[in-house]
Amino acid sequence: MGSTSDQHGNGGVGRRTLIKRSAALGIAAVPAASLLSACASGDSGSDDKVKKGTKSKDNPLAVNASAALSVTIFDGGFGTKYATDANAEYKKAFPKAKVNFHATQKIQSELQPKFNGGTPPDLIDNSGAEQMDMGVLVGKKQLADLTPLLDAPSIDDPNKKVRDTLRPGIVEMGQFDGDPVWIMYYAYTVYGVWYSQTALEKLDSEYPEDWDAMLALCAKAKKKGIAGWTYAGKYPYYLPFSLYPFIAKIGGREVLDKIDNLEPNAWKDPAVKAAFEAYYELYKKGYILKGTPGIDHIQSQTEWAKGKALFIPNGSWVENESAKVIPKDFNLAVGAPSSLDSSDKMPFGTIWASGGEPFIVPAKAANVEGGMEQLRIMLSEASSKNFTSQVKSLSAFNGGTDGIELTPGLKSGVAALEKAGDNVVNPRLQDWYVKLQKEQIGVSGLGEMMAGRLTPAEAIKKIQGYADAAAKDQSVKHYKHQ
């Protein structure tokens, strides 16, 4: 999802988008559905596909050692150095190959013509505000199945497949309908309510574990001239980073599954109503930072880092993305959604964590094997450690933290995952239906409610209408939890 993200995000992601993204951030407007569909409409293939190389112990994917590799990376919260470092490793393995590297925030705008013309890059970090619609790409058969990568021997242990080195849920997130894996979510994102432990200590408070305590703390902060919450007002699809696991906590993870499956009346579940009303209360009581509906993700994070608000819904990329504005004594931490009350179906600690920063290899890429090999290199322990140390985020590789001094936010994220145990949720709307999640649920529904222009009941009715329309839209490929 990436700031990925996973979300201009997530995602971001993400954050991947997320985990997703996750969970994953750009600053451009969300592209219209017509553009998203157009991106995947081209069926012409490239006549310049390179011939496969010779498969060997050191080259299990049969990469053509002299073929050029084209890589496009989203330049967001994670930056690009981790990717160029991995490119350098590819060059070491294949010294005759030229690596063409490109960084951008305009994934959709720049790659749409290349997809339509049958000349996409070999590897793409599909993240940011102009993220291409993953469901459309899969539905139009525009992506290569990454199963050969997953079944290839890992860089670190030839006796272990790549799939066996990944964090739980990563493979499943890349699946949309059946066994093929279309996406490799590279980051592992922890979503939730981010805050400064130092700020809470100054208020002689702890992170609130139930909603009454949350409201009491916000009231206490307000008396000191501090807002309780802020969020990316221009991109209110950040709100689900804490709202969706809140819904699951109240009513059980099956509520989110029904929402993902576009089941009739899924949004009218009592757990959704309770969660919306709780968040709306933050607005009604004046606990949202003034001006929040008009600011973007960077502005909201900056105001929060300056201590003008206690809490912000976000993904773990926020530590890296806001590094320049977060004070040294901030003591960044993430909290799982507060409990609504004792009747909640899931325990306190229930959190959203999933893959973010979605990488894809286009089916019509000239060098499909090279794109997969670059991912295999990125999923080594060395590349994973490099990523984690650089961007303060976990990767999809299940490990890679030994010997690294964890930053406060990363340490808090690891602790949150340990506390959650099996109570980790992974909603899929942001992967399956980008327009529905971002433009409709996020901007037109949640954004309007949190700005006070819709009541919770009105927001739910509006969102249910959007979901029903998506379910009936035969031009959209539909997915369901297996």
Exercise: identify the closest heavy-atom pair between Pro408 and Asn331:
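The answer is CB-OD1, 4.0 Å.
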Side chains of Ile259 and Asp269: does their closest heavy-atom pair fall under 4.5 Å?
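Counting from C-beta outward, Ile259 and Asp269 never come under 4.5 Å.
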Report yes if some heavy atom in the side chain of Glu281 is under 4.5 Å from a heavy atom in the side chain of Trp211; otherwise report no.
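Result yes, sub-4.5 Å side-chain heavy-atom pair found.
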Can you check side-chain contact (heavy atoms from CB on, under 4.5 Å) on Lys308 and Thr230, steps first, answer last?
CA-CA 9 Å; Lys308 295 186 178 180; Thr230 189; over 6 Å; no
Any salt bridge linking [X] with [Y]? Criterion: basic side-chain nitrogen under 4.0 Å from a carboxylate oxygen.
X      : Y      : value
Lys161 : Asp164 : no
Lys461 : Glu458 : no
Glu319 : Lys392 : no
Lys273 : Glu277 : yes
Arg253 : Asp257 : no

Give the intermediate values and the outcome of side-chain contact (heavy atoms from CB on, under 4.5 Å) for residues Leu340 and Asp210.
CA-CA 6 Å; Leu340 183 66; Asp210 62 63; over 6 Å; no
Side-chain ([X]) to main-chain ([Y]) donor-acceptor, under 3.5 angstrom:
X      : Y      : answer
Lys224 : Leu203 : no
Ser383 : Ile377 : yes
Ser393 : Thr388 : no
Asn126 : Phe359 : no
Tyr433 : Lys438 : no

Please verify the inter-ring angle class for Tyr82 with Phe387; under 30° counts as parallel, over 60° as perpendicular, anything in between as tilted.
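Ring orientation of Tyr82 relative to Phe387: perpendicular.
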Dump the intermediate steps for side chain to side chain donor-acceptor pair (under 3.5 Å) on Glu130 and Gln105, then the final yes or no.
CA-CA 7 Å; Glu130 288 203 32; Gln105 290 191 350; over 6 Å; no
Starting at OG1 of Thr455, measure out to OH of Tyr280 and round the result to the nearest 0.5 Å.
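So the gap between those two atoms works out to 6.0 Å.
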Working to the nearest 0.5 Å, report the span between CE of Met134 and CZ of Arg428.
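Here the interatomic distance stands at 9.5 Å.
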Can you confirm whether or not the ring centre of Tyr479 sits under 6.0 Å from the ring centre of Phe176?
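They qualify: ring centres under 6.0 Å apart.
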So, Ser338 versus Glu209: side-chain donor-acceptor pair below 3.5 Å or not?
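Glu209 and Ser338 do not have a side-chain donor-acceptor pair below 3.5 Å.
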Test ring-ring contact (aromatic ring centres under 6.0 Å, His included) applied to Trp304 and Phe330, Trp194, Phe311, the passing residue
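In the set Phe330, Trp194, Phe311, the residue that makes a ring-ring contact (aromatic ring centres under 6.0 Å, His included) with Trp304 is Phe330.
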Where at least one partner belongs to residues 435-461, residue pairs that pass ring pair (Phe, Tyr, Trp, His ring centres under 6.0 Å), sequence neighbours excluded
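The answer is none; no pair qualifies.
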Please determine whether side chain to side chain donor-acceptor pair (under 3.5 Å) holds for the pair Tyr244 and Asn426, giving the CA-CA distance in whole Å, both sets of side-chain angles, and the decisive distance to 0.1 Å.
CA-CA 9 Å; Tyr244 283 178; Asn426 183 11; over 6 Å; no
